[in-house]
Amino acid sequence: MDTHRRDDDTTPRTRDRHHGGHRIRIVGPNPAMDRIEYLDRLEPHTVNRSLETRILPGGKSLIVARAVSRLGGRPVLYGFLGGVVGRYISEQCATLGIEDRHTVISGETRINPVLVERSTGHSTVINETGPTIRPQEAERLLRALADDCAEGDHVVLTGSLPPGLGPDYYGELVTAVRSRGARALVDTSGPALVAAVRHDPWLVKCNVEEFTTAFGVPAASADPADLVPALRDLLGGGLKTVVVTLGAQGLLAVTADRALTVLPPAVRTVNATGSGDTFLAAFALACARGAGLEEALRQGTAAAAANAAVLEPDLGPSPDLTALLAGVRVRHPRPLAPEVTP
Ligand SMILES: Nc1ncnc2c1ncn2[C@@H]1O[C@H](COP(=O)(O)OP(=O)(O)OP(=O)(O)O)[C@@H](O)[C@H]1O
Ligand SMILES: [Mg+2]
């Protein structure tokens, strides 16, 4: 894959300085090609005939990077790519205005088949595990990210970890990002999420199921604001903000001295898959452009609603979020007692 920059090439950092401004870097260790087969009806245990096939670059990092690009940012994408599918994703990066800093691996990047029934709208997804990453490949990505990162950058770490990487891999990346004076924003689940939190990222974002499962918190009651103390328990060290998304109910965001509930604008929901990723893209971009927490949450929520209103996880080439932004509501669920400092 000759489009990939090699480890000894330092041009991107130089280029960043020429353009000024901070970069949004996105790490997705397990990218994919989504192969969507439209069927009239899925009949198991027999041969099915596809009516139409759509091929899209998939994986959470691609959704985040594409949304950053659609919103006028200049995303830089990291992850592991190999084989024919890897080349396809590199080509898509070029088309979508995404700087490609993937690490080339010996394994094959995965394909995720998505079977959509036209008659019911239901879909069946098969998520491949992904290639096994070798230790030297993991190390190359870490080094590339650490070399590129500069103070003020926002680095989104998103999605599951492929085989071969220990649960602490995001933690190692967070440490590298922090050492460069950049901000790490983590969106993952399970042991990878728990481990990443121990390394003090700047922000953690996950959905409510991921939050309650990873941290052993009882499932949300009728009032999601009851989760605020559990979110707050995670704060400390470098971790400044925890965001837990609640699907169509919006999100909770907690900092040391504030708890906010953000309610999305009403949209006709078509497919909310990727709304969390789109939220994070717009949120990180707003932060990089100097927005405060509340404004960044608003921007993220408007973009997430736009994503929920369309079939594929994408904002389209030139999204107009003005009307959606006007419909976002921010509430303070309850005043927080000031932090007790020993
Ligand atoms: N039906 C909807 N209408 C409007 N906004 C929505 C809807 N569903 C989700 N959102 C917005 O998207 C945000 C993220 O949604 P959700 O909690 O589903 O994230 P997620 O599970 O991480 O999604 P994914 O991982 O597929 O990107 C919510 O906080 C909300 O603002
Ligand atoms: Mg998510």
Side-chain angles (χ1 to χ4, degrees), residues 26-32 34 56-68 70-71 112 114 121 123 125 127 156-161 170 185-190 192-193 196 203-214 219-220 224-225 227-228 231 241-254 259-284 286 293-315 319 321 323-331 333:
I26 301 131
V27 184
N30 210 358
D34 288 344
L56 294 173
K60 310 192 83 58
S61 59
L62 233 306
I63 301 176
V64 176
R66 183 170 51 209
V68 168
R70 301 286 203 210
L71 294 167
N112 291 337
V114 181
S123 55
V125 183
N127 272 346
V156 173
L157 310 173
T158 184
S160 61
L161 296 174
Y170 276 141
L185 299 84
V186 176
D187 178 4
T188 185
S189 58
L193 175 58
L203 176 139
V204 164
K205 177 242 160 268
C206 57
N207 69 32
V208 67
E209 291 80 26
E210 291 161 346
F211 177 74
T212 53
T213 306
L227 285 172
V228 165
L231 270 69
T241 308
V242 176
V243 175
V244 171
T245 61
L246 308 159
Q249 284 182 278
L251 61 84
L252 293 169
V254 171
L260 306 172
T261 299
V262 183
L263 303 170
V267 293
R268 200 175 66 83
T269 305
V270 178
N271 179 9
T273 307
S275 282
D277 309 323
T278 307
F279 165 83
L280 198 51
F283 178 90
L293 176 67
E294 189 169 324
E295 177 56 23
L297 290 170
R298 285 179 185 274
Q299 304 253 353
T301 300
N307 175 79
V310 295
L311 185 59
E312 283 165 7
D314 191 356
L315 289 171
L321 302 178
L324 291 171
L325 256 178
V328 177
R329 297 280 169 264
V330 177
R331 297 208 181 116

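Just so you know, ligand 1 is whichever comes first in the structure, and atom 1 is the first atom listed for that ligand.
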Would [X] count as being in polar contact with ligand 1, using the rule that some N or O on each side must be under 3.5 angstrom apart?
| X | answer |
| --- | --- |
| Thr301 | no |
| Glu210 | no |
| Gly247 | yes |
| Phe279 | no |
| Gly250 | yes |
| Gly276 | yes |

Check: Out of Asn307, Val267, Thr273, whose heavy atom is nearest to atom 3 (N) of ligand 1?
Finding: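 Heavy atom nearest to atom 3 (N) of ligand 1 belongs to Val267.
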Ligand 1-proximal atoms of [X], by part, heavy-atom distance under 4.0 Å:
| X | answer |
| --- | --- |
| Thr269 | side chain |
| Arg268 | neither |
| Ala308 | side chain |
| Leu246 | backbone |

For [X] versus [Y], what's the shortest heavy-atom pair and its separation?
| X | Y | answer |
| --- | --- | --- |
| Thr301 | Pro264 | CG2-CA, 3.6 Å |
| Gly274 | Asn307 | C-ND2, 3.3 Å |
| Tyr170 | Gly159 | OH-O, 3.0 Å |

Margin query: Among Leu185, Thr278, Ile26, Val27, exactly one meets side-chain contact (heavy atoms from CB on, under 4.5 Å) together with Val64. Which residue is that?
Written below: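 Testing Val64 for a side-chain contact (heavy atoms from CB on, under 4.5 Å) against Leu185, Thr278, Ile26, Val27 leaves exactly one candidate, Ile26.
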Just wondering, do [Y] and [X] contact through their side chains at under 4.5 Å, heavy atoms?
| X | Y | answer |
| --- | --- | --- |
| Leu321 | Leu71 | yes |
| Thr158 | Thr188 | no |
| Leu246 | Leu252 | yes |
| Val330 | Thr261 | no |

At what distance is the nearest protein heavy atom to [atom], and which residue and atom is it?
| atom | answer |
| --- | --- |
| atom 5 (N) of ligand 1 | Pro264 CB, 3.5 Å |
| atom 26 (O) of ligand 1 | Gly274 N, 2.9 Å |
| atom 21 (O) of ligand 1 | Asn207 ND2, 2.8 Å |
| atom 16 (P) of ligand 1 | Thr245 OG1, 3.6 Å |

Give the atoms of ligand 1, by number and element, whose distance to some non-hydrogen atom of [X] is under 4.0 Å.
| X | answer |
| --- | --- |
| Ala304 | 11 (C), 12 (O), 13 (C) |
| Ala272 | 8 (N) |
| Ala248 | 1 (N), 2 (C), 7 (C), 8 (N), 9 (C) |

Margin query: Looking at ligand 1, is there an atom of it that comes within less than 4.0 Å of some heavy atom belonging to Lys60?
Written below: yes
Check: Any heavy atom of Lys205 sitting closer than 4.0 Å to ligand 1?
Finding: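 The answer is yes, since Lys205 has a heavy atom less than 4.0 Å from ligand 1.
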Notebook entry, point to check: Distance from Leu263 atom CG to Arg329 atom CZ, nearest 0.5 Å?
Noted result: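 So the CG of Leu263 and the CZ of Arg329 are separated by 9.0 Å.
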Note to self: Using 0.5 Å steps for rounding, measure from the OG atom of Ser189 to the CG atom of Asn207.
What the structure shows: 8.5 Å
Item checked: Contacts of Lys205 that satisfy side-chain contact (heavy atoms from CB on, under 4.5 Å) - sequence neighbours left out -> Asp187, Leu203, Val243, Thr245, Phe279, Leu280
Checklist line | Any pair counted as salt bridge (charged side-chain N to carboxylate O under 4.0 Å, His left out), so long as it reaches residues 263-274, sequence neighbours left out | finding: none
